[in-house]
Amino acid sequence: MSKPPHPWWKSATVYQIYPASFLDANGDGTGDLAGIIAKLDYLKDLGVDVIWLSPIYRSPLADMGYDISDYEDIDSRYGTLEDWDRLLEGAHARGMKLIVNLGLFDRMDLVHAWFTASKSSKNDPKRDWYIWRPGKVVDGEELPPNNWKSVFQGSAWERDSATGEYYLHLFVSKQPDLNWDNPVVRSAVWDVMRFWVRRGCDGFRMDVINCISKTDGLPDAPLVDHTQYYQPASMYYANGPQVHKYMKQMHTEVLSSHDLITVGETPFTHESSELAAYVLPQNRELNMVFQFELMDIDSPSESPLLRKPWTLRELKAIVGRWQRFMHGDGFWNAIYIENHDQARSVSRFGNDSAQWRAVSAKILAIFEVTQAGTLYVYQGQELGIKNFPQTWGIEEYKDVASQNYWNLAKDTIGLKSRQKAQGKEDVEMSDLLNSFAQKARDHARTPMQLKWNASPHAGFTTGTPWMRVNDDYREWNAEQQIGDGTSVHAFWRRALKVQKTHDVLIYGDFVMLLEAHEQVFAYTRNYGSTSALVLLNFKEGKVEIDLGEVVGVAGYTFVLGNYENEAIGLEEKVTLREYEGRVYVREALLD
Ligand code: GLC
């Protein structure tokens, strides 16, 4: 059977680098482009096809570079445009590609020239490049134009004294939202994209791209949080009325004439049908999006920094739904369980105790490489890096999301409700610190553990690292794992090879087995005449499953497992050990 043609980006493994924490070549404590260039062979050897860099543009770092003061220049902390060119050249020379992080058009720093002009006067030609509104007066008191809450707490509006008006910022106040409804703004955005395409980039990751169009009239959000005035308002800015018109225009203006990989970040949306329009090929918008349903599985509605329990059955249902969603119609998934906004997967979805950490990091690798979609691996995931210890104090949490949430809990409203709940003046904050220890974004941002134990700070820097290195770096680091065939790193390398040699794992359909099972996630994938069978025991505790009634076991060959490398035959009755995962592949059975 001749294979249908597939675009290159479907089988690509994308590796996300958080530049500030990857490798510091000049000793100033912050990672840089020269550090990344020095590790290109490491990435190639792992099996990486595409490198995605979190923002490296000029920025005051209010939100670690997601606040940008110049889209067409590199922050001197990271290097220069020439360093970026060298990185691109080095990646291309090794057959890898490079994605830039450019979904930032809805937010930019206050010192960006566009915003400086916009705020200078109500009559400035760039005034309408941002979303300005007068405040509203209630009982003689001036309030922001509406009650929208910023994702990072407080009002989503900031008053500017020059004109007495407020500008909208969905995230930190230093990230004013661009007004995409203005066609001149959109063409300025296309120009920025063309700048990077001309420079040779191979694709874009677009931040919160589903939030570029706001509901007309910017209505007040419904009251759901009775503890404060500001209310979550994503129903008025996520997947807004014009978003698809703007995405199609972006495609026509920039994307259509280049062979790029494009992935949009689409938070606040769990419904696959709401995201379909961004991805279906005939719509000509994006290749794929990062859906948030799985990442939100353990987050209560108040905040992703808090934790709620989840069950394997819930996880199976979410994954199964997205795997099957419009598969035959061309909907394409982005597969990820880690990035710079999420805590470490082995701590969150696995078991990071000394006994089970490696085996459970490996089963998560199997879980990832056996799903249909383009695979995204986050720096350190290939080493089984876990969350930093619970004993670290709040001062180690550098992220604005953690800091603002903490401060809110300690300010008047938060403090009063805590005092009431705890029945004392001097309140306890340990519950919040415990949540952060499990869920904060900071865990993804600690420096990479690249070197041998003799090197201070895991070899990340010769200076003082901008963020503390995880305490376990002497035992858990790249240099130690590379020489060891049983390491998490060696397993990821093998798993990526296995995925690449079996098209069924990338393109096949998805059929869930044992749907109601509470401990085992089992599925088959089918592509042409080939099938794959995946068995994953997600828990600590052996389990016996009976495949007899759900799938024929004849003809399957063992291709990957996290306990041992030798083939393990397949019988109808299978006993899976603690956190054991196995993958079998079968070519067509002859009658
Ligand atoms: C995107 C980024 C996140 C950032 C947010 C606001 O969601 O992934 O790190 O905080 O945009 O800037």
Side-chain angles (χ1 to χ4, degrees), residues 14 16-22 52-69 71 75 99-112 115 130 148-154 156 158 167-178 180 189 204-212 232-234 237-239 243 262-269 275 278 286 288-296 299 303-305 334 336-344 376 378-379 397-405 436 439-446 466-467:
V14 184
Q16 183 191 353
I17 292 185
Y18 196 66
S21 298
F22 192 67
W52 149 29
L53 292 189
S54 278
I56 28 98
Y57 314 101
R58 212 177 316 141
S59 161
L61 299 194
D63 187 20
M64 280 309 292
Y66 285 80
D67 48 319
I68 293 164
S69 47
Y71 284 127
D75 197 289
I99 302 187
V100 299
N101 204 106
L102 264 196
L104 317 142
F105 310 125
D106 58 325
R107 291 154 298 112
M108 50 187 19
D109 187 70
L110 301 184
V111 294
H112 193 288
F115 189 73
Y130 297 85
W148 292 7
K149 178 173 142 179
S150 148
V151 173
F152 293 147
Q153 313 309 326
E158 185 81 4
Y167 63 85
L168 181 69
H169 60 87
L170 295 181
F171 292 83
V172 290
S173 60
K174 288 193 172 175
Q175 296 170 312
D177 280 48
L178 268 181
W180 277 65
V189 167
F204 297 107
R205 185 266 190 179
M206 302 177 193
D207 290 341
V208 289
I209 196 69
N210 61 337
C211 301
I212 57 178
S234 62
Y237 59 73
N239 313 306
V243 68
T262 56
V263 52
E265 186 199 25
T266 50
F268 316 111
T269 318
L275 295 181
Y278 295 95
L286 297 171
M288 63 197 109
V289 294
F290 291 124
Q291 55 91 356
F292 272 61
E293 194 180 7
L294 184 58
M295 288 298 101
D296 289 340
S299 304
S303 171
L305 293 172
Y336 76 104
I337 43 170
E338 277 193 32
N339 63 33
H340 67 293
D341 291 332
Q342 306 293 337
R344 291 294 184 176
Y376 291 78
Y378 181 69
Q379 68 179 43
Y397 291 81
K398 307 290 181 209
D399 179 20
V400 63
S402 312
Q403 288 294 336
N404 286 3
Y405 198 87
F436 285 9
K439 294 291 298 294
R441 310 196 296 182
D442 304 79
H443 298 291
R445 302 176 179 192
T446 54
W466 76 277
M467 203 181 163

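Counting convention: from 1, in listed order, for ligands and their atoms alike.
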Kindly determine whether His340 and Arg445 satisfy side-chain contact (heavy atoms from CB on, under 4.5 Å), including the steps that lead there. CA-CA 6 Å; His340 67 293; Arg445 302 176 179 192; 3.7 Å; yes

Given the side-chain rings of His112 and Tyr57, with only the six-membered ring counted for Trp, is the space between their centroids under 6.0 Å? no

Numbering the atoms of ligand 1 from 1, which are under 4.0 Å from a heavy atom of Arg441? 3 (C), 4 (C), 9 (O), 10 (O)

Nearest heavy-atom contact between Asp399 and Arg441 is OD2-NE, 2.6 Å

Element-labelled atoms of ligand 1 that are located less than 4.0 Å from some non-hydrogen atom of Phe152: 10 (O)

Below 4.0 angstrom from a heavy atom of Asp341, which ligand 1 atoms are there? Numbered from 1 as shown, please. 2 (C), 3 (C), 7 (O), 8 (O), 9 (O)

For Asp63, take its heavy atoms, then give the atoms of ligand 1 lying under 4.0 Å from any of them. 4 (C), 5 (C), 6 (C), 10 (O), 12 (O)

Numbered atoms and elements of ligand 1 in range of Arg445, under 4.0 angstrom, heavy atoms: 9 (O)

In terms of atom number and element, which parts of ligand 1 are under 4.0 angstrom from non-hydrogen atoms of Val208? 7 (O)

So OG1 of Thr266 and CE of Met288: to nearest 0.5 Å the spacing works out to 12.0 Å

Heavy-atom distances under 4.0 Å are what count here, so tell me which part of His340 touches ligand 1: side chain, backbone, both or neither. side chain

Should the pair Trp466 and Tyr18 be assigned to parallel (<30°), tilted (30 to 60°) or perpendicular (>60°) ring geometry? tilted

Using the six-membered ring wherever Trp is involved, compare the ring planes of Tyr167 and Phe115 and label them parallel, tilted or perpendicular (cut-offs 30° and 60°). perpendicular

Under 4.0 Å from one or more heavy atoms of Gln175, ligand 1 contributes atoms 12 (O)

